[in-house]
Every structure is written in structure tokens, then in C-alpha cells.
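Structure, as C-alpha cells:
Below, read A as the first sequence line, B as the second, and so on, with proteins coming before strands; counting in each chain starts at 1. These numbers were taken from a predicted model, which means no experiment stands behind them.
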Amino acid sequence: MNRTTWDLWVGIFVAVGIAAMIGLAMKVGNLTSTHLGPTYRVYAYYNNIGGLKVRAPVKSSGVVVGRVADISFDNKKFEALVALDIDTRYQFPKDTIAAIFTSGLLGEQYVGLEAGGEEEMLKNGDKIEQTQGAVVLEKLISQFLYSKASESSTAPSAKSENKTVE
Amino acid sequence: MSENIVEIENLSFSYNNRLLHQGINMCFPRGKVIAIMGGSGSGKTTLLRLIGGQLKPQAGCVRVEGQVVHEQDSAGIYRLRRKMGMLFQFGALFTDLSVFDNVAFPLREHTNLPESIIRDLVLLKLNAVGLRGARDLMPAELSGGMARRVALARAIALDPAIIMYDEPFAGLDPISMGVIVNLIRRLNDALGATSIVVTHDVHETFAMVDYVYFVSEGRVVAEGSPKELRESCLPFVHQFVHGEADGPVPFHYAAPDYLQDLLHA
Amino acid sequence: MLEHLNTSLRGIGHRVIDRMWRLGVATRFFITALALSGESLRRFHLVIKEIYFTGVLSLIIILVSALFVGMVLGLQGYNTLQKYGSAEAVGVLVALSLVRELGPVVTALLFAGRAGTAITAEIGLMKATEQLSAMEMMAVNPIARVVAPRFWAGVISMPLLAALFSMMGVFGGYLVAVPLIGIDDGAFWSQMQANVDFHEDIVNGVIKSCVFGVACTIIALFEGYDAPPTAEGVSRATTRTVVNSSLAVLGLDFVLTSFMISP
């Protein structure tokens, strides 16, 4: 065993190790697929962001066009302020709607952009006027229950029928 | 430049609350081979460590070339140590390095010499201890005596002014012992160094040294040339030199009366 | 009764103080090793030699374990996921468990067992055979010459080994999922790529393995350096290396994960 053998083996080891790291980043991770170029930043106010996280994707027609850069709370308007970094390759009209959607029934939340029809495009620092907050499951359920309750109070006979069936 | 390269003055040292040395005075003149002798556990090796600055004394001091060792900062101690070579009891060779690399170690650490000169110097030192042919062996392949000689070559690699030997004869066969005795004297005279030999082998030591200190119970009990000591009538020296089982150093470890002890059981 | 309580309390106190004292000594040792690293980084071949002993020689055990861990994850994951009709997600499961947790943690545990014990035993024996003393007497600081190169070798080796572990584990999971069970090749990889994030998962995994590298190596070095210079002392120190490294790795893993998961 001498120095050149050690050098050779260590060289192989380091090269293979670094290759494994790059391989992980490329093959296993999403470094290649979601790498964004230069971005511009736009802002949007939401009454409720649900479970939206920083670095969540911004999609349009299902294609990732950007990422959520920052989430904060505006203490004057009492609304959530979300900053979006959008790839400069993609331009959107001023009247674009930015809504928060959920991928699948219980999946992660993302911002969906629906392009409007205006001529003028969004620029860096602009604010998206038309937004739609997250759908909160609890609200949906309670709305559903309320409507059921009001339904049952107007038609008590139907409910009693149900009971007999059970 | 004083005549004594190492001076020990009124040195006291205790370890784990056990007083090992109390008020030791020694001096080591340049160019001489001096032995420190004493029974096992009398703190001889500790003296070498005090000279090398690995331990700090509680009182008194060790001076190497006029400088007080324990008052130096670590850089100063390292500067002093570069003038010293030490042969450890069982050689303490670096087991992961070959014989050649072991001897080259101090040269590579302390000098920026090119590899070709290091090679020449290492072969020179190995030749001096007669092991030039063993340069490619690993320490595990050496006999005890050979390991000791390689360690000696390593200790003199930087041509030290002081060479310290910690039990250089322990566990060696008579032939290897003779070789080492011969080497200690020859190297000392060839390098113009001062040698300090810690040992308890009377006959080998008396054959080569210029001066002997006897240490017992933390004190210097006798000193003089081998000839003087051989004729000494001090009881301890007499017992030690002639290897008698009983004398001032008792055969029995301190114990209550034997008969009492037996009856108590 | 009171006497008994008194002695047991004193025993606890003594032990705590002793542990804290050792922790302090270990921290000082760590700082000294860092401060004296200059020489070993200048003479980098010293580090390279140690990377050979800690990194290259650990490769076999790391790669073989990773293959089996990945294959087991693939089997178990498929077994559970197919009940919910999402067998394709097995790639995600394998990759995320490996990259986030098992890669760094199991690598560190294996490293402590394979390389850590070797380091402790080597340094303990160097101390027992007075090699470290001899070095000091040659005016060479053993922390700079023996400890620091091994420390950097461990710190460099660990992330590389962890990356190889994760890669090999993913390959093991692929072997089970695709050729053996018959999950679609494209779905396996695309689901994986869609759900493994570069920053959140892969970079954090590398950070973890770097931290584990520092912890495991310094524990192994300290235990060796601190071992009583006897056969028994060295063997105990080797045991302590494995125990302390494992505890440190699992504890640090929790701390790091809690920092990484909270936004």
C-alpha cells in the first residue's frame, strides 16, 4: 500500500460519491424539472390561504410556471399577502385570476393562474386583483350541514320517513 | 554556554497525591553519558517526562540549556524538544508506518528537505544502527531489539543535543542488549550529544556510563562514577548493585505481623 | 431512609457532573482539533490516506446494506400502498425515506460501527504504546498530526457515503418494484421526481450527513484519545464510541429534522 494507491482509491471514491449526489439531484429529485429561470414577482391578497406553503408551485393549465416566494399577513387589510415568483418566459394579462387549489382531494395546495383577456401584461411588483382563496373543508362541511338542517326543518316528514327506513 | 546542558534543581513532583520526587538535584554535563538508576516505580521515567516538559513539577525546576522548562509556553517547549531525542521503553514506533517512514518522520515534520536528501539522511541513520537492510519492514515484523534500534535511529534523526533512553534494555536478549549498550556509547560520542539513560540493569549500565545517580523514595541517595559506586558501602547501593533480595529495600510489602494475620483469619 | 436518599442523590449528582465535565473536555478537544487543522489541510495527503481508511474501506458495507434496505423498503412499501391502490407511489416512499432519513442516519450508524471503532481502537492503541507520547517528544502535536487528518477525512467521507447509500437504496427499491413486482417504470421515476424536492429533501439530507460526520468522527477520536492506556480501557472506549455515536446521531437527527420541517 503506498501513496499512489491511496490517491487512486480516494479519487474513485470521491468521484463516485459526487456522482451519486448529482444523480440524486437529477434522477430522484426535481432539480431538472422545476428549475426556474429569471423570475418576476407579483403579489396577491387572499382572505384565506388554507394550507398554502412557501415554495408551493404556481401552475397555469397544470404547468408549473413559478413558485410561492413569501407568505405574510397584512395587518391593515386583515388579509394574507402572497408573493409569487413567476418565470419571465411566461407572461400573464393584468386581469389574471389567481386561485388556490388543492391537488387531489387531500393533496398539497398550489396557486392556479387563469389568464384573462386584457392586453397589458403583469410586471414585476404588480398586484393581482382577482383572487380566490382556498376552499376550507370544514366550512364546506358546515355549509352542507346547515343546508341539510334547514332542509330537514322545512320537511320534517321526510326525515321521519328516513328514520323508519333505517 | 554553561557546562551543564540539563540541570534539575530542588525538584518536587507528586502524582495522584503520591509524592514521587522530593527535592531532587542533578546536573548533566555536555558530552557525557549519565545513568539514573533505581528500583521499579521510583519515578525514573517521570524524570524524563519532566525534562521533556510533558509534566509540570510542583516545586523546583528543570533547566535545559539554561531555560526553565515548565515556564515555557507550548511553542517554547516544542523548540526545546527539537533538541531532544527520546527512546521509549518499547520503542513506540508508529505501527502504521514502515521502518523507513518512521525514521523519516521527524525529518518530514520539521524540515522542508527534498525527498532525495531525506532518503540519504534516513539511510545514514539506519546504517548507524545497522538496519539499513530492514528499511521496508513494518514495525510488527521486527524483533524487540530491532525495534529498539529503529526507534534509536528515529530519536537521532534530527541530531539532538540530548538523547534520553527510557529503559533501553528492558526485555532484550543478551546479544541485543550488548548491541544497544555499544550504540548508546558510540552514538553519544559521534554526535557530541549528552545521553541520559534511565535503567535498572546494573552491569550493562556500569560498563558504558560516565556518571550514575541512584534514586530511591523520591530522593537521590547516591551518585558517582561506576567505579566509586561499585566500591560504595552505602547499604542501598550495595543491595542494588549486588542484587540482594533483602536489605534497606525490604522483601516484604508493609504488612501486619504474619502470625497475627494468620490467627485473625 | 434519609441517609439512603442522600447517598443516591449524591450518586446522581456525581454522575451528572462527571458527564458534563467529559462533555466539556470533548468540546475543548473538538475546538483544539479545529484550531490545529491548518497543517493537515496544507499537507492534504495526510487526509487522503485517512479517507482511504474511513471512506473507501466502508464502501462495501454501506453499499450492500443500502441495497438491502432499499429492497426491503420497496417490498414493504408496495405491500401497504397497494391496499390503497397507489402502488406506483412506492418510488416516492423509497426515495423520501432514504434521502431524508435512512440515508444519513443508517450511514452514520454503520460508519460508527465500521470506521468509528477502528479510529478509537487505533488511537487508543497508539496512546497505550506511547506513540502519541513519542510524537509529543518529537515536538509534533498529536492533535495536529493524528487527530485533525482523521477528523477531516470523516467529515468528507460521510456525506459521500450517505449519497451513495441513498442512490444504492433507490436502486434496490427500483429492483424490487419494477422488474420484480412489475410497477410501471415511468410511473416509478416520475412520481419520485414530482415529489422529491431538491432543497427540502436532498440538500437537507446532505446537511444532516455532514453534521453526523462531524459528530461521529469527533466522538470516535475523543474516545480513543481519552481512553486509559490499557487493553481494557481501549475496549471500553470502543464500546463507548458505538453507544455515544448512535445516541448522538439519533438525537441530532430529531433536532435537525424539527428545524428542517418547520417552515
Side-chain angles (χ1 to χ4, degrees), chain B residues 45-46 48-55 69 72 74-97 101-112 115 139-140 147-148 150-152 154-158 160 162-167 170 196, chain C residues 28-29 31-33 35-54 56-57 115 118-150 153 221 224-225 228-231 234:
Chain B
T45 305
T46 316
L48 291 187
R49 289 185 188 274
L50 284 160
I51 296 173
Q54 287 184 317
L55 299 169
V69 173
Q72 305 284 322
S74 60
I77 285 184
Y78 276 18
R79 226 178 2 258
L80 286 180
R81 281 183 192 161
R82 289 187 59 170
K83 295 177 188 151
M84 305 176 193
M86 180 149 169
L87 179 70
F88 279 81
Q89 191 163 358
F90 294 104
L93 292 176
F94 302 129
T95 38
D96 58 332
L97 300 179
D101 289 333
N102 259 290
V103 180
F105 184 88
L107 296 168
R108 288 187 177 141
E109 293 298 320
H110 290 305
T111 65
N112 288 318
E115 203 56 26
R148 218 69 63 89
V150 173
L152 184 50
R154 185 179 67 178
I156 59 166
L158 287 171
I162 307 160
I163 312 174
M164 295 186 275
Y165 299 86
D166 185 7
E167 307 275 7
I196 306 172
Chain C
R28 273 181 55 186
F29 176 77
I31 291 167
T32 319
L36 295 175
S37 290
E39 194 198 339
S40 57
L41 296 180
R42 254 196 321 280
R43 293 165 65 190
F44 203 69
H45 69 90
L46 294 175
V47 179
I48 287 181
K49 184 178 161 191
E50 299 307 328
I51 291 180
Y52 178 82
F53 287 113
T54 53
V56 176
L57 294 185
I119 290 173
T120 305
E122 190 190 6
I123 294 193
L125 283 174
M126 283 180 90
K127 192 179 170 188
T129 54
E130 291 188 307
Q131 293 181 42
L132 297 184
S133 256
M135 216 174 259
E136 263 181 39
M137 284 304 296
M138 283 185 245
V140 175
N141 192 327
I143 294 192
R145 182 60 175 68
V146 175
V147 172
R150 283 167 176 76
L221 287 167
Y225 202 78
T230 58
V234 174

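For B:M84, the parts lying under 4.5 angstrom from a heavy atom of chain C are both the backbone and the side chain. With a 4.5 angstrom heavy-atom cutoff, B:I51 does not touch chain C via any of its atoms. Of the two parts of B:L80, neither the backbone nor the side chain holds a non-hydrogen atom closer than 4.5 Å to a non-hydrogen atom of chain C.
Taking CE of C:M126 as the reference point, atom CZ of B:F94 lies at 6.0 Å (rounded to 0.5 Å). In this structure, CD on C:E130 lies 7.0 Å from CE on B:M86, to the nearest 0.5 angstrom. We find the CG-CE distance between B:D166 and C:M137 to be 10.0 Å, quoted to the nearest 0.5 Å.
Contact record, B:Y78 with C:A139: O-CB, 3.4 Å, taken as the closest heavy-atom pair.
Under the rule for a side-chain contact (heavy atoms from CB on, under 4.5 Å), the partners of C:K127 that lie at least two apart in sequence or sit in another chain are C:L132.
Here the side chains of C:M138 and B:E109 are not in contact, with every heavy-atom distance at 4.5 Å or above. Proximity of B:D96 to C:E122: side-chain heavy atoms (C-beta onward) are separated by under 4.5 Å at one or more points.
In this structure, C:R28 places its CZ atom where only 12 or fewer heavy-atom neighbours from other residues, nucleotides or ligands lie under 6.0 Å away.
Under a 4.0 Å N-O distance rule, the pair B:R49/C:E136 does not qualify as a salt bridge.
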